[in-house]
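I have placed the structure first, in the form of structure tokens, so that the comments after it can refer back to it.
Keep in mind it's a predicted model, so treat the numbers as computed, not measured. Residues: numbered from 1 along the sequence shown.
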Amino acid sequence: MSKNASEPEQIVKLRKRKMNSGNTALFLDFPEGDSRKRVATGLVLLPGYSSKVKESNRRTLQEAEEMRLEKEKQITNGSQLKENLGLKTPFLPYYRALVEDRRRMK
């Protein structure tokens with residue numbers, strides 16, 4: 001048993017991907033509808049072992065973890081932001097989702 005049974009499962013996961021430049025990009029991976037969505041955080045980890053690089057990477061990981069927790073709160077509270085893509089947004093599903101959110105708030 002590698003996972004502790006009392007440990008809750010994370011809804012939003014922090015993923016890493018090695019880039020050609022040697023840096024490591026950080027992503028948030030979370031469920032959306034029937035699939036999973038991957039969103040870039042815009043944060044990167046630098047390669048190297050110097051104390052400055054280690055400190056920079058530590059702060060970057062801390063910031064990414066805060067972003068992960070905020071996204072997880074949004075999903076669990078049901079207040080995940082509705083994405084408006086302008087003319088490409090299907091109006092009725094978008095509007096129904098907004099109405100449903102307002103009804104939940106009352």
### Message
Among Val12, Asp29, Thr41, exactly one meets side-chain contact (heavy atoms from CB on, under 4.5 Å) together with Arg68. Which residue is that?
### Response
Val12
### Message
Determine whether a donor-acceptor pair (N or O, by modelled atom type, separation under 3.5 Å) exists between the side chain of Thr60 and the backbone of Ser56.
### Response
yes
### Query
Out of curiosity, Phe30 CZ to Lys71 NZ, how far, rounded to the nearest 0.5 Å?
4.0 Å
### Task
Please round to the nearest 0.5 Å and tell me the distance separating atom CG of Asn23 and atom CG of Leu43.
12.0 Å
### Arg38 charged N/C atom sitting above Phe27 aromatic ring, 6.0 Å / 45°
yes
### Query
Does NZ or CZ of Lys54 lie under 6.0 Å from the centre of the six-membered ring of Tyr49, at an angle within 45° of the ring axis?
no
### Task
Using atom types as modelled and distance alone, determine if a side-chain donor or acceptor of Asn57 lies under 3.5 Å from a backbone N or O of Leu46.
yes
### Query
Is it the case that one hydrophobic cluster holds both Ile11 and Met67, taking links as side-chain heavy atoms less than 4.5 Å apart, direct or via other members?
yes
## Note on the structure
In this structure, CD of Glu63 is separated from CZ of Arg59 (nearest 0.5 Å) by 10.0 Å
### Glu55 and Arg58 ion-paired at < 4.0 Å
yes
### Query
Do Ile75 and Val39 belong to the same hydrophobic cluster, where Ile, Leu, Val, Met, Phe, Trp and Tyr are linked whenever their side-chain heavy atoms lie under 4.5 Å apart, directly or via other members?
yes
### Task
Kindly write out the residues that satisfy side chain to side chain contact (heavy atoms under 4.5 Å, CB included) with Lys16, not counting sequence neighbours, or none if the list is empty.
Thr24, Leu26, Leu45, Leu61
### Message
Tell me whether Arg15 contacts the main-chain N or O of Leu28 through its side chain, where contact means a donor paired with an acceptor under 3.5 Å.
### Response
no
### Query
Can you name the residues that form a side chain to side chain contact (heavy atoms under 4.5 Å, CB included) with Glu66, not counting sequence neighbours?
Gln62
